Amino acid sequence: MTDSPRLTRHRDGPAAWMMVAPALFITLVFALYPVLDSLWVSLHHIFIGLPMLGRSFIGLDNYLALLRDPAAHQALFVTLAFVVLSTLLELACGLVIALVIHEHFRGRGLVRAAILIPWAIPTVVASQLWRYIFNDQYGFANLLLFGDRITEYVPWLAYPTVTFGIIVLADVWKTSSFAALLILAGLQVIPDDLYDAAKVDGANLWQRFRHITLPLLKPAMLLALLFRTMDAFRVFDLVFVMTQGGPGDATQVLQFYGYQTLFTEGRLGYGSAVSVAVFLMILSLSLVYLRAIGSSLLERGRT
Amino acid sequence: MNRRFLLALGILTTVGLSLLPFLWFLLTSFKSQAEIEATPPTWWPSGSLGFYRSALFDHRLFDYVGNSIVVAGSTTVLALLIAIPAAYALARLAIPGKQGILAVLLCVSMFPQMAIAGPVWRLLDAIGGLNHRWGLVLPYVALTLPLAIWILASFFKELPPELEDAARVDGCGPWTTLLRITLPLAAPGIFTAAILVLIYAWNEFFFALLILTQPEQQTLPVGIALFQGEFTMPWGELAAASVVATLPLILVVLLCQRWIVSGLSAGAVKG
């Protein structure tokens, strides 16, 4: 982020601030203030629609309750399982897609566009789509697997583990191409002469991939991991549309649990504690990632 | 042969897996109710447009599309009007604490919606924005600003500074320089940011669900999420509505693939 030698611009001050001010203002009002407000509310005992109960300050009680709440533990467990499984699969699929669309071939633009389509589809549409594909009577999955042997048709979304797997599958289908774009950017900065030199030395395709591509892709992969983890933590649409947390609590993720406590049950204080907890987890995770990739990002910024 | 075979296999699998699931919805939308309910369901539709008709007229699809166009369109215009000068100042002008501002923006883009949903709801309640489309536009602008500013700033930084410097020497202020010199040069970057903001605002579900609760105000994602029949799930109408919600995005991706690829990867990696 070095500035090239520039003209001195002391008189820019007011104009520069005027340019940034609207963006800062709206970010402050609609993003930063709400987080602080959530934090403040989470220290209170408040119910929506029951103003006569008042709002009493109870310190960290909501958080202590959260630590003892079995439903929250289940939601945390489901969320973590979802984050780990979906991000790892998305990185793997993203790597394959990136390797494919990095090659030069006729119609590459069209192929890239085709691969981007799941990413552009509204998540809500993708959720309904996968729900329909795994429908017990009209589903494409059953049709594909069993054809007209309708007695063998499986009610996929009735089994907890299968349903969890389908949510992961839908997320991987939808967002692998996003991971692919980030990895593609990493592929594009690997110089060709490295491959040429390796070829001269007699390295085959696999050896070149293993010893040149993979190690040099590490920063891009980490960045994709960072973005995908953040997003997987925030999963909501998929669960809302496909399963409402069920069957049982197999797909009850933290964001959906928070949404229910806040907006369905109106437990404002407790629900805020859930959302602040999610926020803190994402924040600390991103700090860990940023420490891991921060240096390499800065390196690249300087060139 | 080895490499070419692998490549062909890779292209076929990735393209096939990307497109096939949605094609099933596309086929469904042209079926008749009998073709959907047949067991096993038929593969190929007879080409009926009945589901489009009933989605449009019996399921408020007109309202949803109209609301989505208004909300996504206003969000895109407003977000760019605010993001462009901010990104220019952060990329080119002397602002103390510039790195801090960029870091805060990056943090904001990582917020879980849940963490801000309650307070945003109460804020909009206080200023009368609940159940108004403008009330949805405000948080959308706030949530898309970080992405737009990061992409635009990394784009502005790559423009050669000489032209701007020349304009400055000739006595142009920052605003004039931005409008006359930088904006025309940066058109592709602005286009990229616009596409990404538009796709976000067109697809967003969580805030749309909370802020617009009347059926006639809802946007396409909420309409599609809450799609209900009286007794059975109207899969045909749902498929038709989904195609209508998705087609504009498929067109955008087909036409603008180049900018999306460069925008997302450059914005993310070069930062």
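If you're wondering where the values come from, they're calculated on a predicted model, not measured in any experiment. Proteins come first, then strands; the chains are lettered A, B, ... in the order of their sequence lines, and each starts at number 1. Below, each value reflects all heavy atoms present in this structure, side chains not excepted, and no hydrogens, waters or symmetry copies.
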Requested in this report: Report the distance from atom OH of A:Y132 to atom CH2 of B:W24, rounding to the nearest 0.5 Å.
Outcome: 6.0 Å

Query raised in the report: Do you know which of A:L116, A:D148, A:V35 has the most heavy-atom pairs under 4.5 Å to chain B?
Result: A:V35

Query raised in the report: Who among B:A86, B:P41, B:P21 has the most heavy-atom pairs with chain A under 4.5 Å?
Result: B:P21

Requested in this report: Report the distance from atom CD1 of A:I121 to atom CG of B:L249, rounding to the nearest 0.5 Å.
Outcome: 8.5 Å

Query raised in the report: Do you know which of B:A239, B:P112, B:G118 has the most heavy-atom pairs with chain A at a distance under 4.5 angstrom?
Result: B:P112

Query raised in the report: Out of curiosity, A:M19 CE to B:L178 CG, how far, rounded to the nearest 0.5 Å?
Result: 4.5 Å

Report task. Select one option (side chain, backbone, both, neither) describing which atoms of B:L220 are under 4.5 Å from chain A's heavy atoms. Result -> neither

Query raised in the report: What part of A:Q128 lies closer than 4.5 angstrom to a heavy atom of chain B: side chain, backbone, both or neither?
Result: both

**Report entry** Side-chain touch B:S18/A:I117, heavy atoms, less than 4.5 angstrom
**Finding:** no

Query - Contacting moiety of A:I282, where chain B heavy atoms sit under 4.5 Å - result: side chain

Requested in this report: Please flag which part of B:E204 lies under 4.5 Å from any non-hydrogen atom of chain A: side chain, backbone, both or neither.
Outcome: neither

**Report entry** Engaged part of A:F178 at the chain B interface, taking heavy atoms whose separation is under 4.5 Å
**Finding:** side chain

**Report entry** Residue, of B:A245, B:P139, B:C256, that accumulates the most heavy atom pairs under 4.5 Å with chain A
**Finding:** B:P139

Report summary line: Under 4.5 Å to a heavy atom of chain B? For A:L24 that would be side chain

Query - Portion of B:L210 that has a non-hydrogen atom of chain A nearer than 4.5 angstrom - result: side chain

Query raised in the report: Checking heavy atoms, do the side chain of B:I149, its backbone, both or neither come under 4.5 Å from chain A?
Result: side chain

Query - Which of A:V276, A:L32, A:V241 touches chain B most, by non-hydrogen pairs under 4.5 Å - result: A:L32

Report task. Below 4.5 Å from any heavy atom of chain A, which atoms of B:V253 appear? Answer side chain, backbone, both or neither. Result -> both

Query raised in the report: Where is the tightest heavy-atom contact between B:I95 and A:A16, given as atom of each residue plus distance?
Result: CG1-CB, 3.8 Å

Query raised in the report: Once you round to the nearest 0.5 Å, how far does CG of A:L268 lie from CZ of B:R122?
Result: 4.5 Å

Query raised in the report: Checking heavy atoms, do the side chain of A:L36, its backbone, both or neither come under 4.5 Å from chain B?
Result: neither

Requested in this report: Check each atom of A:L226 against the heavy atoms of chain B and say whether the ones under 4.5 Å are side chain, backbone, both or neither.
Outcome: side chain

Report summary line: Nearest heavy-atom approach of A:L184 to B:V261 is CD2-CG1, 3.7 Å

Report task. Flag the one option from B:V108, B:I36, B:L254 with the top tally of heavy-atom pairs under 4.5 Å to chain A. Result -> B:I36

Requested in this report: Provide the full list of side-chain hydrogen bond (donor to acceptor under 3.5 Å, both in side chains) pairs with a residue in residues 104-122 of chain A, sequence neighbours left out, each pair given once.
Outcome: none

Report task. Counting only heavy atoms closer than 4.5 Å, note whether A:R131 contacts chain B via side chain, backbone, both or neither. Result -> both

**Report entry** Contacting region of A:L205 [heavy-atom separation from chain B under 4.5 Å]
**Finding:** side chain

Query - Contacting moiety of A:W40, where chain B heavy atoms sit under 4.5 Å - result: neither

Query raised in the report: Taking side chain as C-beta onward, heavy atoms only, is A:E103 less than 4.5 Å from B:I11?
Result: no

Query raised in the report: For A:I150, is it the side chain, the backbone, both, or neither that has a heavy atom closer than 4.5 Å to a heavy atom of chain B?
Result: side chain

Query - Derivation of the side-chain contact (heavy atoms from CB on, under 4.5 Å) call for B:W121 and A:L262 - result: CA-CA 11 Å; B:W121 190 89; A:L262 251 180; over 6 Å; no

**Report entry** Contact class of B:R258 relative to chain A, heavy atoms under 4.5 angstrom
**Finding:** neither

Requested in this report: Under 4.5 Å heavy-atom distance to chain B, tell me which part of A:Y138 shows up: side chain, backbone, both or neither.
Outcome: both

**Report entry** Most contacts with chain B, counted as non-hydrogen pairs under 4.5 angstrom, among A:G258, A:P118, A:A113, A:A224
**Finding:** A:A113

Query - Ring-ring centroid check A:F140 B:W43, cutoff 6.0 Å - result: yes

Query - Side-chain donor/acceptor of A:R234 to backbone N/O of B:M114, under 3.5 Å - result: no

Query raised in the report: Pick from B:F22, B:F25, B:W202: which one has the most heavy-atom pairs with chain A under 4.5 Å?
Result: B:F25

Query raised in the report: Considering only heavy atoms, which portion of B:A225 lies under 4.5 Å from any heavy atom of chain A: side chain, backbone, both, or neither?
Result: both

Requested in this report: Check whether B:L105 gets within reach of chain A through its side chain, its backbone, both or neither, counting any heavy atom under 4.5 Å.
Outcome: side chain

Query raised in the report: Can you tell if the side chain of A:F240 reaches within under 4.5 Å of the side chain of B:F206, non-hydrogen atoms only?
Result: no

**Report entry** Winner by heavy-atom pair count (cut-off under 4.5 Å) against chain B, out of A:V278, A:V41, A:I133, A:D237
**Finding:** A:D237

Query raised in the report: Do A:W17 and B:P96 come within less than 4.5 Å of each other through their side chains, counting heavy atoms only?
Result: yes

Query - Contacting moiety of B:P146, where chain A heavy atoms sit under 4.5 Å - result: neither

Query - Contact summary for B:L138 and A:I26, nearest pair of heavy atoms - result: O-CD1, 4.0 Å

Report task. Determine the option with the most heavy-atom pairs under 4.5 angstrom with chain B, choosing from A:G139, A:P122, A:A180, A:S177. Result -> A:P122

Requested in this report: Would you mind checking which part of A:N142 comes under 4.5 Å of any heavy atom in chain B, side chain (CB onward), backbone (N, CA, C, O), both or neither?
Outcome: neither

Query raised in the report: Is there a donor-acceptor pair closer than 3.5 Å between any side-chain N or O of A:S38 and the backbone N or O of B:A115?
Result: yes

**Report entry** Best-contacting candidate, A:C93, A:A31, A:A126, against chain B by heavy atom pairs under 4.5 angstrom
**Finding:** A:A31

Query raised in the report: From A:L129 CG over to B:T28 OG1, what is the distance, rounded to the nearest 0.5 angstrom?
Result: 9.0 Å

Query raised in the report: Can you say whether B:V104 sits under 4.5 Å from chain A via the side chain, the backbone, both, or neither, judging by heavy atoms?
Result: side chain

Requested in this report: First locate atom OG1 of B:T14, then atom CD1 of A:I97, and finally report the distance between them rounded to the nearest 0.5 Å.
Outcome: 6.0 Å

Report task. Please look at A:F25 and chain B and tell me whether the side chain, the backbone, both or neither of the residue comes under 4.5 angstrom of a heavy atom of that chain. Result -> neither

Query raised in the report: Checking B:N203 side chain against A:T123 main chain: does a donor-acceptor pair fall under 3.5 Å?
Result: no

**Report entry** Interface moiety of B:L255 toward chain A, non-hydrogen atoms closer than 4.5 Å
**Finding:** neither

Requested in this report: Answer with side chain, backbone, both or neither: which region of B:I199 has an atom nearer than 4.5 Å to a non-hydrogen atom of chain A?
Outcome: side chain

Query raised in the report: Can you say whether A:F236 sits under 4.5 Å from chain B via the side chain, the backbone, both, or neither, judging by heavy atoms?
Result: side chain

Report summary line: Cut-off 4.5 Å, heavy atoms of chain A, and the answer for B:L251 is neither

Report task. Test side-chain contact (heavy atoms from CB on, under 4.5 Å) on B:V243 and A:V125 and set out the steps. Result -> CA-CA 9 Å; B:V243 171; A:V125 169; over 6 Å; no

Query - B:A148 versus chain A, the contacting section by heavy-atom distance below 4.5 Å - result: neither

